[in-house]
Participant: 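Below is the structure I would like to discuss, written out as structure tokens.
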Number of protein chains: 2
Amino acid sequence: MTQTPDSSSTRATALRGRLDEAPIERRALRDGVYDKLLELLLEGGVQPGQSLSIDGLARDLGVSPTPVREAMVQLEHTGLVTRAALKGYRVAPPLTRERMAELVDARSLLELAAVRGAIPLTDNGLLHLKAAHADHVVAAAEVKESQSQDDGTEWPALRRYYDADWAFHRTLFEHCHNSYLLQLAQSLSPQVHRMRQSAGHGVTDVDLAVAEHAAILRAATTGDVEATVEQMRSHLEGVRQRSLADSADA
Amino acid sequence: MTQTPDSSSTRATALRGRLDEAPIERRALRDGVYDKLLELLLEGGVQPGQSLSIDGLARDLGVSPTPVREAMVQLEHTGLVTRAALKGYRVAPPLTRERMAELVDARSLLELAAVRGAIPLTDNGLLHLKAAHADHVVAAAEVKESQSQDDGTEWPALRRYYDADWAFHRTLFEHCHNSYLLQLAQSLSPQVHRMRQSAGHGVTDVDLAVAEHAAILRAATTGDVEATVEQMRSHLEGVRQRSLADSADA
DNA sequence: CCGCGCTGAATCCTATAGGAAACTCACCGG
DNA sequence: CCGGTGAGTTTCCTATAGGATTCAGCGCGG
């Protein structure tokens with residue numbers, strides 16, 4: 001059975017405590033296509049400048065061009081692909097050092113504002129942040145394990161690590177009492193992911209990031225706004241350094 | 001650079017001075033549909049919550065559903081419409097007072113950062129800002145004239161005024177040496193337009209806005225960063241007051 | 001040797017058609 | 001009186017087809 005009619009509202013309120021976090025999500029084909037293409041672009045399996053044929057992608061994915069077209073409109077907004085009218089879509093050119101610096105600046109602006117709005121955290125917010133950090137630690141361990149094997153299959157672990165990292169930051173945005181900050185940060189997040197992908201960094205960065213996140217979490221626990229801001233600033237400065245360290249601006 | 005055909009570079013450079021501002025823009029149908037729908041939503045000709053039927057809009061616009069669908073994906077990202085899978089699109093609910101305050105806060109964060117990055121302006125930037133301000137003054141006069149007639153046709157003038165107002169602010173973003181700030185501000189701008197539309201304000205606000213813009217321009221001319229920041233802060237505080245003054249949070 | 005025009009295939013863009021799901025509303029049993 | 005059920009209609013979602021445009025390759029004239 002595909003759908004849950006859920007006509008009995010009385011029972012719904014009774015279960016509200018259990019399924020408030022899982023709104024049954026019906027997905028059209030275009031959402032799945034979007035996820036697939038996003039994964040492809042973030043993994044770096046396509047060269048910048050390469051053309052992305054609508055019909056070709058539709059054939060490869062086994063769907064018709066219409067949902068692919070919709071997904072491309074969505075991707076166009078992330079900045080990962082560029083569109084030329086009547087000429088199709090192409091993978092966006094790689095980020096230059098200058099653009100990377102701008103990206104980190106813009107992100108810092110949003111993140112520091114989010115911290116100022118989120119601290120002191122509510123009890124619920126603190127729980128979420130702790131959970132996100134714990135997941136980040138686990139993902140970091142998995143990355144280190146997969147990299148020790150070095151069998152070429154480290155991408156899934158890396159992807160999971162990136163998601164956990166972003167989830168930690170996103171938690172702060174979700175509790176900063178300004179929904180637009182979250183929206184803005186999310187619109188920047190694909191570019192941030194791409195930046196990290198282009199500058200393949202080593203295991204040491206993972207440890208540093210985890211340590212800095214831990215410092216942020218400690219400061220957030222105390223409820224000291226300025227201390228948390230300072231830890232976040234330090235973390236973002238680290239991110240900046242590590243990102244710009246090795247960037248072969250093609 | 002990837003592939004700039006640019007075969008006739010000699011002639012291109014000869015004409016560079018004349019057509020650098022007018023890149024011939026080929027538009028597909030979906031771009032025109034997007035503009036039409038954006039106009040419709042910003043004008044307020046549709047009630048919040050009203051369903052926007054793909055087929056119906058396609059019939060009304062005299063096109064097929066496919067370009068309408070693409071335009072809706074684009075609109076969905078602006079927050080002016082909401083989408084439920086397998087249920088279609090609806091006009092987004094109106095902004096509550098709280099959301100308006102959040103919006104002004106987020107906008108202020110970006111605008112103040114832009115001023116800090118843009119001042120002191122380059123000669124070119126200063127020229128652009130002056131031109132934008134002059135256009136804003138003209139548009140303001142047109143609004144006052146059209147409102148004195150009060151024949152129900154004030155919308156075109158108001159729309160033009162909004163565009164000129166936003167162009168002034170956008171100029172600062174364009175010269176702040178951070179392309180992502182401009183991108184973020186542009187993603188917020190539809191909501192800002194909608195906010196102004198929902199809170200129908202009078203002629204007096206136009207004069208105030210023009211005066212505050214003039215103050216910003218004067219400070220920017222001197223090249224004093226902090227003075228310009230202060231004028232922008234004052235302006236945005238005025239915007240906040242006027243926006244929240246009359247808001248019938250439905 | 002270089003620029004120019006032509007031809008063909010590939011691709012984009014739009015229109016149309018059909019299957020599937022959701023909403024409306026009358027009907028009926030309790 | 002109220003909740004459940006079923007057909008009918010509307011709408012969304014996807015697939016397919018056709019016209020329009022771009023791009024690559026080739027031959028020709030200057």
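Computed from a predicted structure; not experimentally measured. Chain A is the first sequence line, chain B the second, and so forth, proteins listed ahead of strands; every chain is numbered from 1.
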Participant: What pairs with N124(B) under side chain to side chain contact (heavy atoms under 4.5 Å, CB included), at least two apart in sequence or on another chain?
Facilitator: T122(B), H128(B), H175(B)
Participant: Would you tabulate the side-chain donor-acceptor contacts of residues 73-83 of chain A under 3.5 Å, counting partners in other chains and residues two or more places apart, or write 'none'?
Facilitator:
residue	atom	partner	partner atom	Å
Q74(A)	OE1	R30(A)	NH1	2.5
E76(A)	OE1	R30(B)	NH2	2.9
H77(A)	NE2	H77(B)	NE2	2.1
T78(A)	OG1	L75(A)	O	2.5
T78(A)	OG1	L80(A)	N	3.3
R83(A)	NH2	D31(B)	OD1	2.9
R83(A)	NH2	D31(B)	OD2	3.1

Participant: Could you pull out all donor-acceptor pairs under 3.5 Å where a side-chain atom in residues 42-63 of chain B meets a protein atom, sequence neighbours excluded?
Facilitator:
residue	atom	partner	partner atom	Å
Q50(B)	OE1	Q47(B)	N	3.2
S53(B)	OG	D55(B)	N	3.4
S53(B)	OG	G56(B)	N	3.0

Participant: Which residues satisfy the salt bridge (Lys or Arg N to Asp or Glu O under 4.0 Å) test with E98(A), sequence neighbours excluded?
Facilitator: none
Participant: Quick one, give me the B/S/- string for nucleotides 9-20 of chain D, reading 5' to 3', where B means a protein heavy atom under 4.0 Å from the base and S means that only happens at the primed atoms, P, OP1 or OP2.
Facilitator: --SBBBBB----
Participant: Can you tell me which residue pairs pass the side chain to side chain donor-acceptor pair (under 3.5 Å) test with a partner in residues 178-189 of chain A, sequence neighbours excluded?
Facilitator: S179(A)-R99(B), S179(A)-E102(B)
